[in-house]
Structure formats: structure tokens, C-alpha cells
Amino acid sequence: MLVLFWTDILIFLLVTLATLFALHASRREHLRAPWREVARSGVAMSALVVLLVYVGIGLLDSIHYRPLSHHAENAAETRYSGEALSVFDKLVSGLRERSEKTYSAPFALHLYSRETVEGSDGTRSRQYPRLFHGGAHLSNPDDRNMDIASIAFGAGIKATAAWGLICLILAVVMGRRNGVRVRSSLRAMFVQRNAVNWRAMLVTLLVVMIVAWAALALSGYYHILGTDKVGDDVFYQALKSIRTGLVIGTLTTLVMLPLAVVLGLMAGYFGRWVDDVIQYLYTTLNSIPSVLLIAAAILMLQVYLDNHAAEFASVAERADLRLLFLCLILGVTSWTGLCRYLRAESLKLREVDYVQSARALGAGHFAIIGRHILPNVMHIVLITVVLDFSGLVLAEAVLSYVQIGVDPTTHSWGNMINSARLEMAREPIVWWSLAAAFIFMFSLVLAANLFSDAVRDAFDPRLRSR
Amino acid sequence: MSAYLIRRILYAIPILIGVNLLTFVLFFVVNSPDDIARSQLGDRRVTEEAIQTWKKSHGYHKPVVLNDNEEGFGKITQTIFFEKSIRLFLFDFGQSDSGRDIGHDISQRMWPSLAIALPTLLLGVLLNITFALLIAFFRATYIDFWGVIICVILLSVSTLFYIIGGQFLFSKLLHLVPISGYDTGIDAFKFLILPVIIGIIGGIGTGTRWYRTIFLEEIEKDYVRTARAKGLREGRVLFRHVLRNALIPILTGIVVLLPLLFMGSLITESFFGIPGLGSYTIEGIQRQDFAIVRAMVFLGSVLYIVGLLLTDISYALVDPRVSLR
């Protein structure tokens with residue numbers, strides 16, 4: 001049975017909007033030109049590949065359903081289990097189900113802590129017990145490194161072969177389209193400089209595929225990033241956190257955009273008291289330090305949820321609502337910057353000749369704003385959206401650390417850091433949760449930053465002349 | 001000048017009233033005091049009596065906006081709105097939910113915050129300007145390209161990891177400084193040095209990249225071309241002309257931050273156990289102490305508005321083209 005969370009609906013709404021925008025832009029030359037410049041940049045295209053992998057995982061993780069309950073399979077009526085799973089959970093179900101007792105290091109065969117074990121002859125001894133799943137297929141623990149190497153090597157070979165196949169298919173398709181032979185279209189992809197920087201994309205794809213393939217193959221036998229306090233696989237948690245990061249980074253913008261665009265354009269276009277009121281509004285909101293505003297809002301939400309616990313069907317639903325609310329409140333604190341830019345810009349555009357002549361021809365205010373001003377500030381909106389994304393992903397971690405972020409039951413990098421932080425004092429140190437959160441967050445934020453830089457350079461007319 | 005100042009200060013008043021109303025709505029209208037009491041007491045089946053006691057002991061027992069039981073002025077003053085919100089304007093923060101005097105706490109705890117935030121800001125800005133000038137000097141070369149990439153890499157790392165990594169490296173592995181804690185007087189130095197260094201390193205990426213854009217924007221201008229045309233060396237052009245003019249946006253960008261330095265940094269202070277306002281806020285949030293959060297929201301807004309005022313004044317001081325009318 002399909003389950004629709006609020007954030008799921010909004011995510012797919014966002015995907016639809018982005019697709020529509022892409023279709024719209026692809027038909028207009030002046031919108032295509034800057035994107036072509038982005039496509040030429042090697043750094044940006046490599047970053048795009050990484051981003052697309054993240055987005056793919058995030059989207060798979062956004063289709064939720066309730067599986068058939070195990071107990072009721074034979075019963076006449078169909079019953080669904082209370083827990084909502086996503087398609088992504090189904091794909092990596094092994095990862096989710098293979099849990100240990102408590103901490104274990106990456107690729108470990110034994111538990112992190114000692115336990116009293118009763119031997120076959122009845123003697124009791126304290127030792128590190130073997131893990132239930134991590135490396136359980138090995139009869140001799142000394143074979144571990146060889147086993148890891150051979151699995152990884154096999155996966156690498158397979159990934160490379162698959163990558164070669166993708167290259168070939170791409171070359172055939174492109175060759176067909178351009179009317180050239182496959183060999184020359186392959187050479188065009190790797191050697192010549194094209195409109196699209198295929199070489200950067202394909203090389204990044206190769207690296208990503210090898211890493212992902214090896215990680216997935218190994219995670220079938222080991223806990224490649226260890227397990228956490230209650231024995232859950234850290235790799236699985238890090239993967240699940242991707243969706244949370246993406247939701248925060250994108251939905252926040254979706255929430256704030258209408259507000260910022262409408263108010264900013266109105267303030268700049270109408271001026272006078274409209275301008276005064278809107279300026280007052282955003283100065284007031286802006287003057288409250290955003291962390292404190294978020295804290296106050298989340299505390300209040302917590303009180304509300306405490307008092308209305310009965311209205312939510314499940315914990316997941318409540319956590320989802322809190323996530324959505326966090327996006328809302330982050331949006332409220334972050335729309336002021338864009339609003340101010342748009343106000344300044346429409347203040348300038350109001351006096352431009354084509355707006356003046358549209359007014360002289362008798363066009364209405366909203367027609368002028370919609371037809372003449374809005375299209376000319378879209379590049380600012382776009383730049384802000386892509387630039388804000390990485391900051392929001394980072395903000396999520398900090399807010400969750402302060403405990404005013406996502407619900408503690410939601411998988412997120414902030415929660416991973418928060419729960420791992422206290423274990424830094426242990427000996428030997430429990431570092432893998434932190435490392436996992438770091439790797440996943442860093443690569444997403446870095447890719448987003450590199451990509452958004454290229455987008456800004458391409459769209460900002462002031463920089464284009466350089 | 002004074003007329004301008006007075007006008008600006010007058011303009012700040014409606015903003016503060018707005019902030020005050022907003023926090024009031026957020027804290028007392030979205031959830032009624034009864035809801036707050038029930039949530040604080042934790043249990044679902046709290047007796048009405050317990051709620052009333054809790055409200056009374058925390059001063060939430062009065063009516064929210066209008067008190068019909070009182071005569072004359074009492075109608076307005078004997079309310080939550082007056083006692084909890086209006087009093088903030090007099091910087092009377094009242095008592096926290098755990099019974100401490102918030103005003104006293106704030107005056108005690110703002111100094112450790114400042115002791116970390118001020119050196120971090122000043123040293124950080126100096127370092128970032130140096131790096132940005134270097135990158136601008138080598139603009140459009142590989143040094144520029146990789147410099148920017150390194151900046152992007154640095155700013156892609158979460159603050160949390162800078163702190164955790166720094167504590168692990170300097171305190172746990174090298175045993176150079178204590179992991180966390182605070183002391184008064186000269187002893188505070190050894191506790192402050194690590195947070196300051198980490199704060200500076202964490203800010204390099206953002207700061208250097210930002211200042212580089214400012215420098216590059218300045219380099220495009222006509223007077224720079226003139227300076228070069230008359231035969232000045234590149235280094236002299238950068239230091240004598242570009243740096244001086246670029247300092248205007250840099251300085252005014254810093255001035256707005258100055259008052260907020262008192263508020264400290266939430267994350268740094270809580271990781272390093274510094275008894276500043278940042279960790280005070282965090283404690284308030286984590287204990288769900290609404291009085292503290294409310295006071296900090298108001299204090300933060302006041303400081304921000306003071307910062308805006310200082311920015312306007314500093315603009316006029318450093319840039320003779322701006323006149324205050």
C-alpha cells in the first residue's frame with residue numbers, strides 16, 4: 001500500500017517543477033546559453049554526476065509504502081504493517097536487517113565490547129564475540145583482508161565493464177544523432193572538447209561506479225562503516241540520511257521562493273507604502289538571530305506535538321511533519337536575503353524603457369510584473385537557490401546537534417554526529433559514525449558548492465565579461 | 001549627524017516592537033500557557049492542580065493580554081503580555097524557568113563569549129585578507145584556480161567536524177591544550193586558544209573567497225587601470241589602491257557583526273564548555289527554558305539593530321561620498 005508523506009508529495013512536486021523549467025529553458029536560446037557554459041565546465045559536470053547519484057538515492061527513498069504484514073499473509077483480509085518502508089529500503093533490505101548487538105568497527109569480525117561467553121566445556125570467559133553478520137562467511141578470521149580485496153577487486157572489474165558498456169551505448173546514440181561512426185563519436189567524447197564535457201562526467205562516473213559497486217558488494221558480507229550503539233549498520237544510516245539532507249536543502253527553497261519573489265518584486269515595483277511595509281517585515285524577521293528563531297519555533301512545535309500526540313498515526317508521520325516544519329521555519333529565516341536582492345533589482349527594472357512603454361501601452365501592473373520583470377530576475381532566483389542548498393545541508397547538522405533540528409528518530413547526518421560525539425571519549429575511540437557522516441556530507445556539499453559556483457559564473461552577467 | 005542618528009534610533013523602535021510581538025505570539029498564543037505547563041510536566045495525565053501550581057510558580061498564571069479582574073492600569077499591567085514582553089524593553093529579563101535571574105546571568109556570561117569571538121573575528125579577518133590579496137595578485141593563474149578550489153573544499157566541511165577534529169588532534173593526540181573548560185584571568189588563555197584557532201580555520205574558506213570577490217571587483221575599476229597606466233607596480237597597485245578601497249565593504253561588513261559577538265557561538269561554546277552566552281542559549285533550548293530563549297531572542301535583535309546603526313555610521317566615517325542626512 002502506497003504511503004504519501006508530506007515531504008514526499010512536495011519532493012515530487014519540486015521534481016515536476018524542475019522538469020517543467022528544464023523543458024521551458026531548453027526551448028529558449030537565451031536560457032540555454034548559460035547552461036551550455038555550465039556543461040562545458042569539467043568541474044561542474046563532475047559535481048553534477050555526484051549530485052545526480054545523491055538525488056537518485058533520495059528519490060528512491062521518497063517512495064514509501066506499507067509492506068504486507070508477515071503475520072497476516074494467510075488471513076483472508078489483507079493487512080499492512082505499521083511501519084512505512086521506502087523503495088530504497090527494499091533495495092538494500094539486507095543492510096537494514098543485518099544488525100548486531102552493539103558497536104563494531106568497520107570490517108570488524110568481532111564486537112567492540114567484551115562479553116561473557118560460555119565455552120563448550122562449561123567454562124566462562126570474557127572475550128570479543130564474533131559478529132552475527134559481519135564476516136560470518138569466513139571460517140578463518142585471518143582470511144579477512146584477502147577476502148575484502150578479492151570482493152572489492154571483482155566489484156571493480158564488474159563496475160568498469162558496466163561503465164564501458166555505458167560509454168559504448170552513449171557513443172552509439174550520439175553517433176546516430178550526429179551521423180558519425182561510433183569510433184569518432186567515442187573519440188569526440190574523450191579527446192575533443194565538446195559542448196558537453198563528457199570526459200569529466202564519464203571519468204567521475206567511473207570512479208563513483210567503482211566505489212559504489214565495491215561498497216555494495218562488500219556490505220553484503222561486512223559492515224563496511226561499522227555498526228552503531230544499538231548495532232545498526234552505519235552505512236545504511238548514512239545512505240538514509242541523504243534524503244533528509246536533500247529535503248532540507250531543496251524544500252526550504254520551495255517554501256521560501258513564492259514569499260521572497262512576490263514580496264520582493266512588489267516592494268520594488270510599487271514602492272511607497274508597500275515598500276515600507278515589506279521592508280519593515282523583513283528587517284524585523286532578519287533582526288532575530290536565525291538560530292534563536294528556529295529554536296523558539298521548534299520548541300513551540302514540540303509543545304504542540306506533545307499535546308496532540310494522538311493525532312498522528314505513526315512516529316514516522318510525526319517525524320515527517322517535524323521535518324517539513326523545519327523546512328518551513330528555515331525558509332522563513334532565509335527568504336529575506338533573496339527578497340532584498342529582488343527588491344533592488346525590480347526597483348531598477350521599473351525604470352527601464354520596455355517597462356515604461358508597456359505601461360504606456362496600458363498593461364496592468366501584474367501583467368508587467370509577470371511578463372517583463374519576473375523573467376528578468378529569474379537568474380537571481382536560480383543563483384540563490386543553488387547557492388543556498390549547501391548551506392542548508394550544513395545547517396541541518398548543526399541544528400540537529402543543538403537538538404532543534406529533525407526528529408531524533410529521523411536518519412540524518414546531524415543526528416549521527418550528535419550520537420557519536422559522546423563516544424569520542426571511549427577507548428579505543430568510536431570514530432566510524434563520525435567518519436561516515438563526514439564523508440557523505442562533505443561529498444554532497446562539495447559537489448553542490450562546485451556546481452553552484454559554475455552556475456553562478458554562467459548566469460551572473462557581471463562575471464561573464466571577464 | 002545627530003538628527004540622522006535620532007531618526008535611525010526612532011526607526012529601530014517599531015522593529016523592536018515587531019520582534020517583541022512576534023516572540024509573544026510564538027510563545028504564548030501558538031501554545032497556551034496550559035499547553036506549555038503540560039508539556040513541561042511531561043505526563044499526559046497531569047492534574048489541573050499541578051498545572052496551576054506550575055503556572056503560578058513560573059508567573060504564567062495571569063491572563064494573557066487583558067486582566068478583567070483588576071481595576072484601571074492593573075487591567076493591562078497584571079498580564080503575561082505586560083510582565084513577560086513589555087518589561088523586555090527595559091532590559092528586565094525576569095527569572096528563568098529554573099528560577100535564576102536572567103539579567104544577572106547575561107551580564108556574567110557575555111565576557112567569555114566576547115573573549116572567544118573577538119580574537120576569532122579580528123585574527124580571522126586579517127588572515128583572510130592576506131590570503132585573498134595573495135590569490136587576487138595571482139588572479140587567472142593556476143594559483144588562483146586552486147586557491148578557490150581549496151576555499152570551496154574548506155567551506156564544505158561542517159563546523160562540527162572542525163571542532164571535533166581539532167579537539168581530537170590538539171587535545172587528545174598531542175595533549176597541547178585541555179579539551180574543554182574555562183578559567184578566569186590569565187589562566188583562561190589556555191582554554192581559549194583552541195576555540196579561537198578552530199574558529200579561524202573554520203572561517204578561512206568563506207572569508208577568503210568572499211574577500212577575493214571584493215578585491216576582484218575593485219581591480220576592474222577605472223582608477224586601478226589608471227594607476228597601472230601610470231606605471232605603478234602590481235604590488236603597489238594592490239596595497240596602495242585596491243586594498244584601501246576594498247576595505248570599505250570589508251569594514252562595514254564587520255561592523256554589523258560586532259555587537260552580536262556578545263552572543264557568542266552556540267556550537268563552539270557548547271563543545272568547549274565555555275560559560276558564555278552561546279552555551280547559555282543552548283542550555284536554555286535543551287532544558288526547554290522558554291524564558292531564557294525569549295530573552296536571548298530579544299537581546300539578539302537589539303544587538304543586531306545596534307549593529308545596523310553602527311554600519312550606517314561607519315559608512316559615513318570611512319567613505320566621504322556618503323553623507324548622513
Side-chain angles (χ1 to χ4, degrees), chain A residues 43 280-281 283-293 295-310 390-391 393-398 401-404 413-414 417-418 420-421 424-425 429 431 434 437-438 441-450 453 462-463 465-466, chain B residues 11-12 14-19 21-23 26-27 30-31 34-36 38-40 42 44 140 148-149 152-153 155-161 164-165 167-168 172 179 216-217 220 260 263 266-267 270-271 281-282 284-286 288 290 293-294 296-305 308:
Chain A
V43 177
Y280 170 73
L281 199 66
T283 319
T284 307
L285 268 179
N286 211 24
S287 65
I288 304 176
S290 51
V291 182
L292 287 169
L293 186 59
I298 291 286
L299 281 183
M300 285 304 128
L301 178 77
Q302 200 58 51
V303 171
Y304 180 84
L305 291 181
D306 282 348
N307 284 309
H308 298 81
S390 53
V393 175
L394 290 177
E396 184 275 323
V398 169
Y401 167 76
V402 189
Q403 292 172 19
I404 49 175
W413 293 311
I417 298 169
N418 197 11
R421 181 181 56 95
M424 289 292 284
I429 191 164
W431 50 270
L434 284 173
F438 173 76
M441 208 156 88
F442 177 69
S443 44
L444 174 62
V445 172
L446 182 63
N449 274 331
L450 291 174
D453 270 9
R462 272 189 315 167
L463 290 165
S465 57
R466 270 191 205 129
Chain B
Y11 183 63
I15 293 178
L16 278 179
I17 293 177
V19 170
L21 282 178
L22 188 74
T23 39
L26 207 55
F27 279 96
V30 174
N31 293 294
D34 282 22
D35 287 338
I36 293 176
R38 211 167 292 140
S39 158
Q40 289 275 308
R44 292 273 171 282
V148 174
I149 295 268
V152 174
I153 290 176
L155 67 89
S156 301
V157 178
S158 170
T159 332
L160 296 171
F161 289 112
I164 294 172
Q167 279 186 331
F168 181 70
K172 210 159 174 203
I179 282 193
L216 287 187
E217 231 161 68
E220 301 273 296
L260 283 172
M263 299 286 287
L266 299 189
I267 305 297
S270 87
F271 262 103
T281 315
I282 283 219
I285 293 170
Q286 290 178 345
Q288 303 211 340
F290 301 106
V293 177
R294 217 169 45 230
M296 297 311 286
V297 166
F298 188 74
L299 185 66
S301 322
V302 172
L303 292 175
Y304 177 79
I305 291 167
L308 285 185

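So you know, we letter chains A, B, ... as the sequences are listed, proteins then strands, and number each from 1.
- Counting heavy-atom pairs closer than 4.5 Å to chain B, the top-ranked of the candidates A/L444, A/I298, A/N449, A/L281 is A/N449.
- The greatest number of non-hydrogen atom pairs below 4.5 Å with chain A, out of B/L299, B/V157, B/L260, is found for B/V157.
- A/V402 touches chain B through backbone and side chain together, each having a heavy atom under 4.5 Å away.
- In this structure, chain A has a heavy atom under 4.5 Å from the side chain of B/I149, while its backbone stays farther away.
- Proximity to chain B (any heavy atom under 4.5 Å) is shown, for A/A437, by both the backbone and the side chain.
- Interface residue B/L22: only side-chain heavy atoms are found under 4.5 Å from chain A.
- When all heavy atoms of B/S270 and A/Y401 are compared, the closest pair comes out as OG-OH, 3.0 Å.
- Among A/N286, A/L285, A/I404, A/V393, the residue with the largest count of heavy-atom pairs under 4.5 Å with chain B is A/N286.
- Between atom OG1 of residue A/T283 and atom OH of residue B/Y11 there is a gap of 4.5 Å, rounded to the nearest 0.5 Å.
- Considering only heavy-atom pairs separated by less than 4.5 Å from chain A, the leading option among B/I153, B/I282, B/I17, B/V302 is B/I153.
- Neither the backbone nor the side chain of B/F298 has a heavy atom closer than 4.5 Å to any heavy atom of chain A.
- Between B/I285 and A/L299, the shortest heavy-atom contact is O-CD2, 3.7 Å.
- The side-chain heavy atoms of A/L293 and B/V297, taken from C-beta on, include no pair separated by under 4.5 Å.
- To the nearest 0.5 Å, atoms CG (B/L160) and CZ (A/F438) are separated by 11.5 Å.
- Under the side-chain contact (heavy atoms from CB on, under 4.5 Å) criterion, A/L394 pairs with A/M441, A/V445, B/S158, sequence neighbours left out.
- Side-chain contact between A/I417 and B/I164: present, with at least one pair of heavy atoms (C-beta onward) separated by less than 4.5 Å.
- Rounded to the nearest 0.5 angstrom, B/L21 CG and A/T284 OG1 are separated by 9.5 Å.
- With sequence neighbours left out, B/I305 forms a side-chain contact (heavy atoms from CB on, under 4.5 Å) with A/S287, B/A12, B/I15, B/L16.
- What you find for A/L292 and B/M263 is that their closest heavy atoms are CD1-CE, 3.7 Å.
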